[in-house]
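Everything on this sheet refers to the single structure shown next.
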Amino acid sequence: MNDWLKNVVAKVKSLWASWKPVQKAIAAGVLVAVIVVLVVVFRGSSKSDAVFLFRTPITDESKRDEIITRLEQENVDFSVNETTGMFTVPDTRTAKRLRTLLTTEGILAPSYNIWDEELNVTNWTTTDWDREERKLQRINNQIKQQLESLDYIANANVVINQATDSLFDRNTRPAQASVTLTLRGETPERRRIKGLQDLIMSAVPGLRAENVKISDTQGNILNDFEGMAEMDAVEVVKKQQEYRQQLEARLSAKVQNMLQLNFSTDRVRAVAVSIEMDMSKITSDKTEYTPIVKTPDNPDTPYSELETVDSFVLSEENITRKWTGTGYNPEGPAGVEGQNPPVYSDMSNVIGESTETSVQRNNVINTEQKHIEKSPSIDRITAAANIDGRWEKELDGGNNPVFVTEKNYEQLKAKYEEKYPNVEDNDNIRFRLGHIVRVYKPVPDDTRERAASIVQDAIGYNRTRGDSVTITSWPIPREDDWDLEDDAIIRAQNTRKTIMLVLVGVVVILIAFIVFRMISRELERRRRLREEEILRRQQAEREKALWDAKQEGMEVTMSVEERKRAELQENAIAMAKEHPEDVAMLIRTWMMEE
């Protein structure tokens, strides 16, 4: 076997070596294509088959969109065929969970029965009794699986008893269901429990709500809706209060942001908005008769052109009847004496005149039929805000803040006492020993009125409803901020004083150094001149001695050192005449070295 494998490998190598580059590229491409096809086939065969979420199509587009929205919230991988209306999900467990979720939340149509998807399996080889027992067992298992597919249920214990019919009423027993749930976290809300109850009732024919008991592991009955009515009322009131508080918070934030945009954030710190609401549900039908607008108002003019009339004449009929002649008094049959009273007899053959006038006019008016439902409604809105004014620091003639010290305390107190009585405790001035004098300047009245107008528009002000808006300008306490600012100013002043003193000291030191340097250089110059004078005198004495000796004809025997010294002196003298400054520097260097 090994020899055969070696021979095959050798043949493949020899064949590969004999191929041209084009043939090698074709073979490599075919090999890669085969590998890709195998990978695709294996991956497709390993993928689980999708299952239908419902066996019946969802034809209602609005209901289909609602289901799609709820499935997207669950982050489930699903697909829907827009033509057939069929939904598909990855596996059976996901389908069970989603069907239960959509049923308990009331998203599916009432005509849809979830158990048609689960309990439609029939077996013709069993008896009716076996079929009923197995059906009951399947119902228990399916309800258990459906309930446990929900995220907030960890375990469900389901017991279903079908109804039994009997000739005697005492032996007749209705269908009953007992479900014990092990919950994850808190108890579900009422609508979810109601959905679970409806789900169980739809699985068992003839099962009524009073015969369904849903409890938790602690024995608490979860579907006791009658006993929970008071708790529901408390929850409703709680939600209404939360809704009112949310409205107040939104309006407060809106007003505060608007005022802070016009004033600084530090000046508007608190805004209070209170809303009085009627949470009762009111339904009313009414008919209103309104006047007819003949000329509408022009909003571009400062005056009103509105002209109304109560009604218009739709149709009018005038009738006038006139009659002139003698009166007619019947006497009865011919040949019979009349029975008229004397009054009528006296009026016989009297000529009279009669006029009848009638007017029938039909008017048209504006009529409005209104069906009003109010829940909730806003009865009144009140808003209050305080805008801090400006605290201005008192400045002296040098444009520096005025500090209250022990020296000027009485003088400043007498100055401000006239305008601000009890100056030490007055809210409009801050007069403290060791601090800057600050005077409060409130917001002008016209500015507060404009701010109130802005707030009215922001909250939807309605005067007829009794709304009110109050804008005040009271000083906001800023003691801590002022103390920090005063300390910073004092530190800055002390720092400036210190810097000035240091600068003055540095200037004094520089001046002293310059004076000292000038004096030192003057002393050095005088010392150098004195030394040069001494050297000049010594040189003059040597020259005089040599001259005297030369005049006397004496031979002066000079040593080698003296001759070198004389040459150096001559060179030094010549250099001193040409470059006196360099020579002076050289002499100074020699003296310092010595």
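All values below come from the heavy atoms of this structure, side chains included, with hydrogens, waters and symmetry mates left out. Index from 1, following the sequence.
Minimum heavy-atom separation, Pro401 to Ile436: CB-CD1, 3.8 Å. What you find for Arg465 and Gly460 is that their closest heavy atoms are NH2-O, 3.1 Å. Minimum heavy-atom separation, Ala452 to Val469: O-CG1, 4.1 Å. Scanning all heavy atoms of the two residues, the minimum distance from Ser304 to Asp297 falls at CA-OD1, 3.5 Å. The two residues Ala458 and Leu251 make their nearest non-hydrogen contact at O-CD2, 4.2 Å. Taking both residues in full, the closest heavy atoms of Val443 and Arg267 are given as CG2-NH2, 3.5 Å, listed atom of the first, atom of the second, then distance.
At distances below 3.5 Å, not a single donor-acceptor pair connects side-chain atoms of Glu276 with backbone N or O atoms of Arg380. Distance alone, capped at 3.5 Å, is enough to place a donor-acceptor pair between the Ser473 side chain and the Ile387 backbone. At least one donor-acceptor pair under 3.5 Å links the side chain of Gln260 to the backbone N or O of Val268. Proximity of a side-chain donor or acceptor of Asn408 to a complementary backbone N or O of Phe403 within less than 3.5 Å is detected.
Between Leu535 and Gln538 there is a side-chain heavy-atom pair separated by less than 4.5 Å. Counting heavy atoms from C-beta on, the side chains of Thr182 and Ile153 never come closer than 4.5 Å. Counting only heavy atoms from C-beta outward, the side chains of Met277 and Leu247 approach each other to under 4.5 Å. The side-chain heavy atoms of Leu523 and Arg521, taken from C-beta on, include no pair separated by under 4.5 Å. Annotation: side chain of Gln539 is not in contact with side chain of Lys544 (no heavy-atom distance under 4.5 Å). Residues Asp216 and Leu181 form no side-chain contact, since every pair of their non-hydrogen atoms from C-beta on lies 4.5 Å or further apart. Counting heavy atoms from C-beta outward, Asp457 and Ile454 have side chains that stay 4.5 Å or more apart. In this structure the side chain of Thr447 reaches within 4.5 angstrom of the side chain of Phe263, judged on heavy atoms.
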Step by step, work out the side-chain contact (heavy atoms from CB on, under 4.5 Å) result for Ile459 and Val255. CA-CA 8 Å; Ile459 67 174; Val255 172; 3.7 Å; yes

Decide side-chain contact (heavy atoms from CB on, under 4.5 Å) for Ile68 and Phe78; before the verdict, give the C-alpha distance in whole Å, the side-chain angles of both, and the deciding distance to 0.1 Å. CA-CA 9 Å; Ile68 291 174; Phe78 71 95; 4.0 Å; yes

Test side-chain contact (heavy atoms from CB on, under 4.5 Å) applied to Arg448 and Thr470, step by step: CA-CA 9 Å; Arg448 290 193 293 110; Thr470 303; over 6 Å; no

Could you go step by step and tell me if Glu248 and Arg244 meet the salt bridge (Lys or Arg N to Asp or Glu O under 4.0 Å) rule? CA-CA 6 Å; Glu248 292 177 349; Arg244 182 178 62 83; 2.7 Å; yes

Go through the steps to decide whether Val439 and Glu394 satisfy the test side-chain contact (heavy atoms from CB on, under 4.5 Å), and finish with yes or no. CA-CA 7 Å; Val439 177; Glu394 289 294 303; 3.4 Å; yes

Determine whether Gln256 and Ser252 satisfy the following criterion, side-chain hydrogen bond (donor to acceptor under 3.5 Å, both in side chains), listing intermediate values before the conclusion. CA-CA 6 Å; Gln256 185 168 358; Ser252 299; over 6 Å; no

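Distance CZ/Arg390 to CZ/Arg438: 14.5 Å, rounded to 0.5 Å. Within the model, atoms CD of Glu533 and CD of Glu531 stand 12.0 Å from one another, a figure rounded to the nearest 0.5 Å. The CD1 atom of Ile490 sits 11.0 Å away from atom CD of Glu485, with the distance rounded to the nearest 0.5 Å. Distance check: Tyr461 OH to Asp467 CG gives 6.5 Å after rounding to the nearest 0.5 Å. Rounded to the nearest 0.5 angstrom, Lys239 NZ and Gln246 CD are separated by 11.5 Å. Of the inter-residue distances, the one linking Asp388 atom CG with Thr472 atom OG1 reads 10.0 Å to the nearest 0.5 angstrom.
Ser79 and Thr88 share a side-chain donor-acceptor pair at under 3.5 Å. Side chains of Ser520 and Glu524: a donor-acceptor N/O pair is absent below 3.5 angstrom, by distance only.
Using a 4.0 Å cut-off between a side-chain N of Lys or Arg and a carboxylate O of Asp or Glu, Glu522 and Arg526 qualify as a salt bridge. With salt bridges taken as basic N to acidic carboxylate O contacts below 4.0 Å, none links Arg70 and Glu66.
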